[in-house]
Amino acid sequence: MSPQPRSLAEWIAFFGQADLPVLRRTARELERLRANAALGNASNIADVVTDDPLMTVKLLRYMQMHKSRHQMHELLDVKQALLMMGMETFFREVPAILIVEDLFEAHPDALAYLLRTVRRAQRSASYAADWAQRMHDMHAEEVRVSALLTHVTEMLMWCYNPGPMLEIRRLQGGDRTRRSADVQRQVLGFAGVDLQRQLTLEWQLPELLMSLLDPAQAESPHVSNVMLAVRLARHSAQGWHDAALPDDYRDIGKMLHMEPNRVMSLVRSGAAAVLR
């Protein structure tokens, strides 16, 4: 067994070669679609892939590593990627073999944190996609994928480095005044945002993910959409009583030109198809 990565550079190299895991539900659904030719089309498979941030980044990483020299633009549309590569190639080259849940036998508590992060990502992506459609955004797919992948490196670290990730949670719980990046540097030797930035570059993930890390881009409509979606998913993760939610409704309302009360009704009633 190779030694556990320690430095930022070692983790980047590790993730570049590792077989990225997927959720058990994803593997089961993909196998069901593979076994049924009538159902195993690009649209149905894309729906399964994009409900799992780890499967999504697994596919995008593969596509960027194998893209044609004639492909000038980053590929962000999962359905388009599947159509380009073909279903047979997808199942052969991007197999859903390594299962997330199987990695946590020694750390079931870490699995719970990972699944919460996945759930927030799913909700963030749904919120962002709905708002992009309401604003007739021509880049709605990039917005949705970026929201889904906003915390993907945190998910990967939960999968492959659960002990230190639990230590980070413990330290943060003991002193909520400390910045997350400072605690991460203390435990890991680097901040999660640095890993996210480097993997985004290495794997040529949506450019919007880089913009999310740049304070100068905070007022960009696409960045605002994703960040507000992430905020709402985080603040509503434990229900609709968080003290920060009124501010979220106000800021979302400004973006959508909608009254805060209408925003609250929209997201809480599920009218925007974001609550599942």
Side-chain angles (χ1 to χ4, degrees), residues 1-22 52-62 64-65 74 98 100 103-104 106-107 109-121 124-125 145-218 220 223 226-227 230-231 233-234 237:
M1 180 180 294
S2 57
Q4 180 85 342
R6 298 185 64 84
S7 69
L8 177 60
E10 288 174 352
W11 276 111
I12 291 169
F14 172 81
F15 287 132
Q17 300 296 322
D19 181 15
L20 303 185
V22 304
D52 182 343
L54 291 165
M55 187 69 216
T56 299
V57 79
K58 182 184 179 81
L59 175 59
L60 292 180
R61 183 188 69 167
Y62 174 86
Q64 293 299 344
M65 289 180 172
E74 55 189 7
L98 188 62
V100 164
L103 300 176
F104 289 87
H107 294 282
D109 44 353
L111 174 60
Y113 284 119
L114 178 277
L115 294 178
R116 289 176 201 167
T117 306
V118 169
R119 178 61 173 163
R120 288 199 308 272
S124 297
V145 171
S146 296
L148 186 70
L149 300 183
T150 299
H151 298 297
V152 73
T153 52
E154 178 186 345
M155 298 176 203
L156 289 172
M157 291 299 282
W158 276 117
C159 290
Y160 287 104
N161 205 27
M165 292 295 287
L166 286 171
E167 175 65 8
I168 289 171
R169 293 288 303 190
R170 186 188 69 79
L171 292 172
Q172 288 178 317
D175 183 358
R176 297 187 178 279
T177 65
R178 294 189 64 186
R179 296 176 62 248
S180 296
D182 292 337
V183 179
Q184 291 160 2
R185 291 189 181 98
Q186 175 185 335
V187 177
L188 302 174
F190 55 86
V193 66
D194 299 326
L195 180 60
Q196 180 90 357
R197 181 180 293 108
Q198 290 301 313
L199 285 185
T200 298
L201 290 172
E202 289 281 329
W203 296 349
Q204 299 180 48
L205 297 177
E207 186 176 344
L208 179 53
L209 282 173
M210 290 298 293
S211 298
L212 293 171
L213 304 175
D214 181 2
Q217 300 292 325
S220 160
V223 170
V226 173
M227 295 307 297
V230 170
R231 271 174 49 186
R234 182 175 71 252

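Minimum interatomic distance between His151 and Val230 (heavy atoms only, all atoms of both residues): NE2-CG1, 3.7 Å. Across Leu148 and Met155, no two heavy atoms sit closer than the pair O-CE, 4.2 Å. Across all their heavy atoms, Arg185 and Arg179 have their closest contact at NH1-NH1, 4.4 Å. The two residues Val223 and Ser211 come nearest to each other via the heavy atoms CG2-CB, 3.7 Å. Nearest heavy atom pair, residue Phe15 against residue Trp203, reads O-CZ2, 3.3 Å. Across Pro21 and Tyr160, no two heavy atoms sit closer than the pair CD-OH, 3.6 Å.
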Show, in sequence, the C-alpha distance, side-chain angles and deciding distance for Trp11 and Met157, and conclude whether the side chain to side chain contact (heavy atoms under 4.5 Å, CB included) test is met. CA-CA 9 Å; Trp11 276 111; Met157 291 299 282; 3.9 Å; yes
Walk me through whether Asn161 and Gln4 qualify under side chain to side chain contact (heavy atoms under 4.5 Å, CB included). CA-CA 9 Å; Asn161 205 27; Gln4 180 85 342; 2.9 Å; yes
Would Lys58 and Asp52 satisfy salt bridge (charged side-chain N to carboxylate O under 4.0 Å, His left out), going step by step from the backbone distance to the final call? CA-CA 10 Å; Lys58 182 184 179 81; Asp52 182 343; over 6 Å; no
Determine, stepwise, if the pair Leu103 / Leu98 fulfils side chain to side chain contact (heavy atoms under 4.5 Å, CB included). CA-CA 9 Å; Leu103 300 176; Leu98 188 62; 4.0 Å; yes
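Side-chain polar atoms of Gln186 and Arg178 form a donor-acceptor pair below 3.5 angstrom. Side-chain contact annotation: Thr153 with Gln196, donor-acceptor N/O pair under 3.5 Å present.
Atom CG of Leu59 and atom CG of Leu20 lie 11.0 Å apart (nearest 0.5 Å). One distance of note links CG of Leu205 with OG1 of Thr200; it measures 5.0 Å at 0.5 Å rounding. Atom-to-atom distance recorded for Met165:CE and Cys159:SG is 9.5 Å, nearest 0.5 angstrom. Note that CG of Leu166 is 11.0 Å distant from CG of Leu171, once rounded to the nearest 0.5 Å. To the nearest 0.5 Å, the span separating CZ on Arg61 from CD on Glu202 amounts to 11.5 Å. Taken from CG in Leu199 to CG in Leu149, the straight-line distance is 11.0 Å, to the nearest 0.5 Å.
A donor-acceptor pair under 3.5 Å is absent between the side-chain atoms of Gln172 and the main chain of Thr177, judged by distance alone. Without hydrogens or angle criteria, Gln17 side chain to Phe14 main chain gives no donor-acceptor distance under 3.5 Å.
In this structure, the side chains of Leu188 and Leu195 stay at 4.5 Å or more apart for every pair of heavy atoms. At least one side-chain heavy atom of Leu212 sits less than 4.5 Å from a side-chain heavy atom of Met227.
Ring geometry, Tyr113 versus Trp158: the interplanar angle falls under 30°, so the pair is classed parallel (tilted spans 30 to 60°).
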